[in-house]
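A short write-up of the structure that comes next.
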Amino acid sequence: MPKVDSISAEKILNSRGDWTIKVNVVSDKGNQESFSVPEGKSRGSMEARIINPDKAIDLINKKIAKEFRGFDFTDQSRVDARLIELDGTKNKSNLGSNTILGVSFALARLAAKEEGVPFWKYISKLSKAKVSDKKPQIFANMINGGVHADNNLDIQEFLLLTKNSTFRKSVEKIVKVFQQIKLDLENTTSIAVGDEGGFAVSFRTDGAAIKYLHSFAKKNNLGVGIDAAANNLNWINLRSKMFYKRIHNKFGVSYIEDPFRENEARHFSKLVSKFGKSLSVSGDDLTVTSSSLIEEAHQMSAINAVIIKPNQIGTLTEALEAVKLARKYEYQIIASHRSGETNDTSIVDFAVGIAADGIKIGAPNRGERVAKYNRLLEIEGELKGRR
Ligand code: PGA
Ligand code: ZN
């Protein structure tokens with residue numbers, strides 16, 4: 001059995017210029033891997049707790065390295081159980097979710113390397129998913145608003161959704177439309193971008209931004225969606241409800257994430273019962289990749305789609321448990337990056353490996369987002385090589 005030889009951590013910058021951690025691991029056979037931890041800005045209150053990167057690095061270099069020396073890292077559930085035990089809290093506030101996720105994913109990547117398989121393949125074995133070059137579809141954040149941009153838009157993300165295409169065709173289409181929008185905007189306004197690489201321009205209203213995106217979607221056979229990130233939205237619920245009805249009926253918006261605040265599940269339920277399968281009502285801050293919160297949302301029929309972000313819960317094993325539950329309830333599953341990213345592309349392998357229906361990787365712009373698009377293309381090649 002391969003064993004951990006060493007674990008160490010270092011401080012690196014993320015896409016916002018904030019400090020985060022990179023965890024480096026080495027096996028007793030001399031194989032090396034690493035993982036860099038992303039960080040959200042519009043977080044749910046029930047997400048596992050992040051700790052200061054300096055403290056995280058200290059914990060990894062002094063405590064965790066010692067605990068894991070000689071540990072068989074090819075059993076991911078044992079690795080993660082040990083991390084959870086060492087932390088000893090419900091919300092991972094002792095070691096920090098960034099510390100724990102860093103070690104969990106770095107060791108998973110090392111296990112894949114030890115087996116000689118790409119990371120998505122290793123994930124697919126753990127999640128028992130049937131991978132395909134059409135899963136996930138891309139949920140591309142073309143216009144950024146809310147806390148991710150300095151414009152006048154309240155809604156956080158205005159998304160274009162690819163439909164049933166291979167990774168390459170999806171990427172090509174999103175890139176083509178991104179360039180079309182850029183050309184169009186250049187004529188009238190500045191083309192500043194937000195945290196996730198989408199345009200951060202102002203529109204007359206949020207509805208006008210959706211109408212604008214819809215015109216490009218129609219021409220290119222793409223879907224339209226939004227992440228309202230309603231924890232940060234100060235609209236009254238009546239206004240939101242009327243707005244969602246209007247954009248669904250008028251502009252074919254088929255995906256709405258966090259339409260209401262995380263403590264307003266009953267309003268989510270009303271949307272689900274009103275629109276049924278024609279609208280994906282997705283939980284992000286509501287469910288934070290936690291099996292128990294997904295279960296609660298299910299009890300209330302509050303969602304029919306769910307965001308999976310491994311760093312919301314802290315370990316790969318728990319993220320896979322959330323996926324399993326979401327699958328059982330036949331939810332649409334969307335794996336997601338965070339607004340504060342590095343060039344790490346593990347989230348793409350994760351999405352392919354669980355055969356997620358969708359993946360949020362921002363717009364094809366800014367190095368840390370482009371890295372994810374490129375990884376998707378690379379994986380399509382790896383999939384073909386294995387047919
Ligand atoms: P965050 O936002 O990464 O800034 O938390 C992403 C989202 O709300 O989906
Ligand atoms: Zn969200």
Side-chain angles (χ1 to χ4, degrees), residues 14-18 20 36-50 97-98 101 136 138-150 153-161 193-198 200 206 225-233 240 244 253 255-265 268 271 280-290 293-294 297 302-314 319 322 326 331-342 344 346-348 350-351 356-363 366 368-369 372:
N14 72 15
S15 54
R16 270 193 285 265
D18 292 329
T20 185
S36 302
V37 177
E39 186 175 330
K41 191 180 202 175
S42 90
R43 296 199 287 261
S45 72
M46 299 300 280
E47 288 191 30
R49 292 283 175 273
I50 296 163
S97 62
N98 42 349
L101 187 85
I138 302 176
F139 286 36
N141 185 3
M142 302 302 248
I143 300 173
N144 294 186
V147 300
H148 291 166
D150 281 334
L153 298 172
D154 294 326
I155 301 281
Q156 181 175 289
E157 299 174 15
F158 299 78
L159 306 156
L160 286 179
L161 323 177
V193 296
D195 284 8
E196 296 191 353
D206 286 79
I226 58 166
D227 180 2
N231 275 357
N232 307 316
L233 203 61
S240 315
Y244 300 145
V253 169
Y255 174 87
I256 304 184
E257 183 178 322
D258 282 341
F260 304 100
R261 277 178 278 272
E262 63 180 51
N263 59 356
E264 297 173 332
F268 280 68
L271 269 194
S280 296
V281 178
S282 181
D284 174 13
D285 294 341
L286 179 77
T287 41
V288 296
T289 315
S290 145
L293 292 178
I294 292 172
I303 50 173
N304 53 19
V306 70
I307 285 283
I308 301 289
K309 293 170 173 167
N311 82 326
Q312 285 179 319
I313 189 73
Y331 293 161
Q332 188 185 25
I333 296 173
I334 301 101
S336 172
H337 66 165
R338 300 307 299 251
S339 55
E341 273 289 339
T342 66
D344 194 291
S346 304
I347 191 63
V348 182
F350 175 81
D357 301 290
I359 185 170
K360 296 210 307 180
I361 46 176
R366 297 181 59 128
E368 77 284 359
R369 314 295 147 183
K372 275 72 167 173

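Indexing begins at 1, ligand by ligand and atom by atom, following the structure's order.
Of all atoms in ligand 1, listed by their number and element, those nearer than 4.0 Å to a heavy atom of K309 are 6 (C), 7 (C), 8 (O), 9 (O). Close approach of ligand 1 to R338 (heavy-atom distance below 4.0 Å) involves ligand atoms 1 (P), 3 (O), 5 (O). Here is the list of ligand 1 atoms found below 4.0 Å of a heavy atom in D227: 7 (C), 8 (O), 9 (O). Shown in contact with E157 at under 4.0 Å from a heavy atom are these atoms of ligand 1, numbered in order with element: 6 (C), 7 (C), 9 (O). Every atom of ligand 1 is numbered from 1 in the order shown, and the set under 4.0 Å from a heavy atom of G40 is 1 (P), 3 (O), 4 (O), 5 (O).
Within the 4.0 Å heavy-atom criterion, neither part of V147 lies near ligand 1. Using a 4.0 Å cut-off between heavy atoms, S339 contacts ligand 1 through both its backbone and its side chain. Contacts between D284 and ligand 1, counted as non-hydrogen atom pairs separated by less than 4.0 Å, involve the side chain only.
For the ligand labelled ligand 1, residue E257 lies inside the 4.0 Å heavy-atom shell. The closest approach between A229 and ligand 1 stays at or above 4.0 Å for every heavy atom of the residue.
Looking at heavy atoms from C-beta onward, L101 lies in side-chain contact with P310 at the 4.5 angstrom threshold. Taking 4.5 Å as the limit, some side-chain heavy atom of D258 sits within range of a side-chain heavy atom of F268. Annotation: side chain of F260 is not in contact with side chain of L233 (no heavy-atom distance under 4.5 Å). Annotation: side chain of E47 is not in contact with side chain of S97 (no heavy-atom distance under 4.5 Å). Inter-residue side-chain proximity for I313 and V288 is flagged as unmet; no heavy-atom pair is nearer than 4.5 Å. A 4.5 Å side-chain heavy-atom check between S282 and Q332 finds every atom pair outside the cut-off.
Among the atoms of K360, some N or O lies under 3.5 angstrom from an N or O of ligand 1. Considering both main-chain and side-chain atoms, S42 comes within under 3.5 Å of ligand 1 through a nitrogen or oxygen pair. At under 3.5 Å, not a single nitrogen or oxygen of H337, backbone or side chain, sits near a nitrogen or oxygen of ligand 1.
A side-chain donor from one of D344 and S346 sits under 3.5 Å from a side-chain acceptor of the other. Side-chain N/O atoms of Q312 and D284 include a donor and acceptor closer than 3.5 Å.
Among the heteroatoms counted here (N, O or S) of D284, OD2 is the one nearest to the Zn ion (ligand 2).
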Given salt bridge (Lys or Arg N to Asp or Glu O under 4.0 Å), test R16 with E39 step by step and report yes or no.
CA-CA 10 Å; R16 270 193 285 265; E39 186 175 330; 5.8 Å; no
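Judged by distance alone, the side chain of R366 and the main-chain N or O of G194 form a donor-acceptor pair under 3.5 Å. For T20 (side chain) and V37 (main-chain N/O), a donor-acceptor pair under 3.5 Å exists by modelled atom type.
With the Zn ion (ligand 2) as the vertex, atom OD2 of D227 and atom OE2 of E257 span an angle of 90° (nearest 10 degrees).
In this structure, the protein non-hydrogen atom closest to atom 8 (O) of ligand 1 is Q156 NE2, 2.9 Å.
For the residues H148, K41, E39, the heavy atom positioned nearest atom 2 (O) of ligand 1 is part of H148.
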